[in-house]
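Let me begin by presenting the structure, written as structure tokens, before commenting on it.
Starting from 1, each residue takes its place in the sequence as its number.
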Amino acid sequence: SKESLKWNERGITCLNKSYEDLTKPKKGIMAKAMAPQSNEWLGQVRTQLAVAHFNIATIYIQKMDYRRAKENFKKSVDHA
């Protein structure tokens, strides 16, 4: 549905920002102390991105927009 697509796209925007933040070099004492956990968080964000792209792809399949569906299925696999 239209609303589902909108919310999944918003989620991907937020997850991409989180992913970028987690891949930046760590600065400061607290950031360095949390560095081992950031790898775990990075894995969780990648999984959530894969799921969100998969959800968007299924919406595009239902709309018979196969080009966008294929793009999102590929992004889903890239994050998995």
Side-chain angles (χ1 to χ4, degrees):
S1 78
K2 198 177 207 179
E3 287 296 310
S4 180
L5 182 62
K6 182 169 65 173
W7 281 104
N8 274 293
E9 288 173 343
R10 286 180 181 173
I12 287 173
T13 301
C14 293
L15 289 167
N16 279 330
K17 175 77 172 109
S18 295
Y19 186 82
E20 289 172 13
D21 289 346
L22 287 169
T23 56
K24 288 179 184 174
K26 311 299 179 252
K27 296 180 183 176
I29 295 170
M30 276 305 283
K32 289 179 182 177
M34 299 298 283
Q37 288 182 336
S38 68
N39 285 336
E40 184 179 327
W41 294 337
L42 194 60
Q44 291 175 4
V45 169
R46 286 179 58 109
T47 300
Q48 291 173 352
L49 277 166
V51 169
H53 280 292
F54 187 86
N55 288 339
I56 288 176
T58 57
I59 291 168
Y60 283 131
I61 286 283
Q62 292 169 354
K63 292 181 172 194
M64 294 194 270
D65 187 343
Y66 300 117
R67 183 184 57 81
R68 287 186 182 164
K70 182 180 176 182
E71 289 171 5
N72 279 282
F73 278 130
K74 184 182 179 327
K75 288 177 184 178
S76 179
V77 170
D78 290 345
H79 287 295

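- L42 and V77 fall into different hydrophobic clusters, where Ile, Leu, Val, Met, Phe, Trp and Tyr side chains are chained together by heavy-atom contacts under 4.5 Å.
- The residues E71 and K75 are annotated as not salt-bridged, no charged nitrogen and carboxylate oxygen being separated by less than 4.0 angstrom.
- Taking the side chain as every heavy atom from C-beta outward, T58 and N72 never approach each other to under 4.5 Å.
- Residues I59 and S4 form a side-chain contact, since some pair of their non-hydrogen atoms from C-beta on lies under 4.5 Å apart.
- Side-chain contact between E9 and I12: absent, with no pair of heavy atoms (C-beta onward) separated by less than 4.5 Å.
- Both L15 and Y19 are assigned to one and the same hydrophobic cluster, defined by single-linkage of ILVMFWY side chains at heavy-atom distances under 4.5 Å.
- Residues K63 and L5 have side chains in contact (heavy-atom distance under 4.5 Å, counting atoms from C-beta outward).
- The main-chain N or O of D78 is found under 3.5 Å from a side-chain atom of R46 such that the two form a donor-acceptor pair.
- Annotation for V51: hydrophobic cluster partners, listed by chain and number, are none (ILVMFWY side-chain heavy atoms under 4.5 Å, direct or chained).
- You'll find the side chain of I61 reaches within 4.5 Å of the side chain of F73, heavy atoms only.
- Interatomic distance, Q44 CD to L22 CG, rounded to the nearest 0.5 Å: 10.0 Å.
- Side-chain atoms of H79 and T47, non-hydrogen and from C-beta on, never get closer than 4.5 Å to each other.
- Taking both residues in full, the closest heavy atoms of A80 and A50 are given as N-CB, 4.0 Å, listed atom of the first, atom of the second, then distance.
- Summarising the hydrophobic clusters (Ile, Leu, Val, Met, Phe, Trp, Tyr; side-chain heavy atoms under 4.5 Å, direct or chained), the residues clustered with W7 are none.
- Separation of the Y60 and Y66 ring centroids does not fall under the 6.0 Å cut-off.
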Give the intermediate values and the outcome of salt bridge (Lys or Arg N to Asp or Glu O under 4.0 Å) for residues K6 and E3.
-> CA-CA 5 Å; K6 182 169 65 173; E3 287 296 310; 3.4 Å; yes
